[in-house]
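Have a look at the structure below, then the notes.
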Amino acid sequence: MPNPTAYVAALAPYQLADLKLAPGIEPIMLAQNESLRAPSPKVAEAIVSAAACGRLYPDPNCDELDSVLRQAYALPDQDRVLVGAGSMELIGVLIRAYVGPGDEVLTSEFAYGYFSVATAIAGADYVQAVERNYTPDVDALLAKVTAKTKLVIAVNPGNPTGTAIPNSEIRRLRAVLPKDVLLVVDEAYGEFSDAWQEPVFDLVAGGDCVVLRTLSKAYGMAAMRVGWGYFPQAVAENMDKLLNPSRISIISQKAALAAILDQGYMRETVRLTLTIADEFKQAMLGFGLSVAQSHTNFILLKLASSEQAKSLEVALRGQGYLVRPMRGSLSDCLRITIGEQAVMQKLAQLIANFVNHSDQ
Ligand SMILES: Cc1ncc(COP(=O)(O)O)c(C=O)c1O
């Protein structure tokens, strides 16, 4: 049997959500933080018309998308927009470009799981700083910086916690970090907190900060695989060396263009999601459960114990509701994506029945 290199053989694959159900049960997907509704109807029209261009290779620079993103997000002129097959691709390539064996990637305790996988792929060490109250702590991050730290990732709002820190804290982090450390601000859920956070895209002008976003969440485009980031020119030039120039299909480019141009639809999705999230949270609090403050399209529900969290996850799976179990010090929690109102009301009832039953 052919063998991979020892380095690849030793890598652990990224663990996606377990979406297996008993035969005949209809899945209700609440485990991967996708949007509760389909993308703007304009996306479907754009995809149909994109087919006519299917003969040609796609624009490697995504120029049309670049210009609508600059407008929609008021991006300054001087730096570069890069589009990836999801922001996951940009995270992986950034880490490979800036970090190697012996170096350290630093992030906070409950950061998004893919960072550790991308760090292992680069052969580097992954370092995590404690969070307080499920929220990243800038001083704890700064205390972990060493001469080996090459890249720091701040996820704001966070996944799997859903909490957010004020962007003034992100600015303080950037100001204190050494200039040769690249700060990556992952704002995959940024559209859900834009209403109360001032943007940090201007930090990119310093040459040592990247801000990442995605169309997978608020725009309802997870299946189209479009993420983007605002990169300093020099960082983007290094990314260009590693990225496949034809990675974003014409279908994804045109779909993303239509989604970004329909800001009203996206904002409506955000409003709807946050309203349902609040109703669901109030229901959970009413059952005596605790929920971390969320600025995203999911909530982190804390149960009495890891065992209770595990049994609830299994009970919900039996009814087709797929929510995300957590590991380590969050194993007493479940991460639940906010779905449609009727789905969340039914889910709240199932959780109430479970909690009442397990109290007896
Ligand atoms: C914090 C965070 N960053 C990045 C991603 C990657 O998203 P995508 O690759 O779909 O753009 C996710 C997806 O769940 C996420 O939660």
Side-chain angles (χ1 to χ4, degrees), residues 14-19 29-36 39 62 65 69 73 81-95 105 107-119 121 126 128 131 134-136 151-165 170 183-194 197 200 210-231 239 243-244 247-249 252-253 255-256 259-260 266 273 292 294-300 322-327 330 335-338:
Y14 177 58
Q15 295 223 319
L16 285 166
D18 173 5
L19 304 177
M29 301 289 196
L30 303 174
Q32 298 192 103
N33 300 341
E34 299 105 329
S35 173
L36 51 70
C62 301
L65 201 45
L69 283 167
Y73 288 86
V81 170
L82 285 183
V83 183
S87 53
M88 235 175 159
E89 181 180 41
L90 298 174
I91 292 164
V93 172
L94 254 174
I95 294 180
V105 169
T107 188
S108 53
E109 191 176 357
F110 304 126
Y112 172 51
Y114 184 63
F115 301 143
S116 67
V117 174
T119 303
I121 291 172
Y126 190 59
Q128 288 171 282
E131 298 204 5
Y134 300 115
T135 305
L151 193 140
V152 174
I153 311 174
V155 194
N156 201 33
N159 173 17
T161 57
T163 59
I165 57 173
I170 299 288
L183 174 65
V184 178
V185 187
D186 180 343
E187 297 186 340
Y189 302 92
E191 285 76 10
F192 295 96
S193 65
D194 277 343
Q197 282 280 44
V200 287
V210 168
V211 182
L212 299 177
R213 292 249 170 165
T214 181
L215 275 76
S216 297
K217 312 298 177 183
Y219 291 93
M221 298 258 295
M224 315 288 175
R225 310 307 302 131
V226 185
W228 62 278
Y230 193 52
F231 289 73
M239 297 284 292
L243 286 163
N244 167 359
R247 66 196 172 278
I248 313 294
S249 75
S252 293
Q253 290 193 33
I260 299 289
M266 181 276 285
T273 306
S294 175
H295 297 279
T296 60
N297 65 338
F298 61 87
I299 62 152
L300 189 69
L322 294 163
V323 302
R324 192 70 165 254
M326 296 281 103
R327 278 180 280 169
L330 290 182
R335 195 193 69 190
I336 303 178
T337 305
I338 301 302

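Counting convention: from 1, in listed order, for ligands and their atoms alike.
- Under 4.0 Å from ligand 1, not a single heavy atom of Glu89 appears.
- A donor-acceptor pair shorter than 3.5 Å cannot be found between the side chains of Asn156 and Tyr189.
- Remark: the Ser116 side chain and the Thr119 side chain contain no N/O donor-acceptor pair separated by less than 3.5 Å.
- Residues Gln15 and Arg327 form a side-chain contact, since some pair of their non-hydrogen atoms from C-beta on lies under 4.5 Å apart.
- Here the protein heavy atom with the shortest distance to atom 3 (N) of ligand 1 is Asp186 OD2, 2.6 Å.
- Residue-ligand proximity, Val155 to ligand 1, at heavy-atom distances under 4.0 Å covers atoms 1 (C).
- The residue from Gln32, Lys217, Met88 that puts a heavy atom closest to atom 14 (O) of ligand 1 is Lys217.
- Regarding atom 9 (O) of ligand 1, its nearest protein heavy-atom neighbour is Arg225 NH2, 2.8 Å.
- At the top of the distance list for atom 7 (O) of ligand 1, counting protein heavy atoms only, stands Ser87 OG, 3.4 Å.
- Heavy atoms of Tyr114 come nearer than 4.0 angstrom to ligand 1 in no pair at all.
- Using a 4.0 angstrom heavy-atom cutoff, Asn33 does not count as in contact with ligand 1.
- A salt bridge does not link Arg225 to Glu89: none of the charged nitrogens lies less than 4.0 Å from a carboxylate oxygen.
- Close approach to Gly86 involves these atoms of ligand 1, each under 4.0 Å from a residue heavy atom: 8 (P), 9 (O), 11 (O).
- Taking the six-membered ring for Trp and thresholds of 30 and 60 degrees, Tyr134 and Phe110 have ring planes inclined between 30 and 60 degrees apart.
- Listed by number with element, the atoms of ligand 1 under 4.0 angstrom from any heavy atom of Tyr189 are 1 (C), 14 (O), 15 (C), 16 (O).
- Side chains of Asn297 and Thr273: a donor-acceptor N/O pair is absent below 3.5 angstrom, by distance only.
- Protein heavy atom in closest approach to atom 12 (C) of ligand 1: Tyr112 CZ, 3.5 Å.
- A donor atom on one side chain and an acceptor atom on the other are found under 3.5 Å apart for Glu131 and Ser108.
- Given atom 10 (O) of ligand 1, the protein heavy atom at minimum distance is Ser216 OG, 2.6 Å.
- A donor-acceptor contact shorter than 3.5 Å is absent between the side chain of Glu191 and the backbone of Met266.
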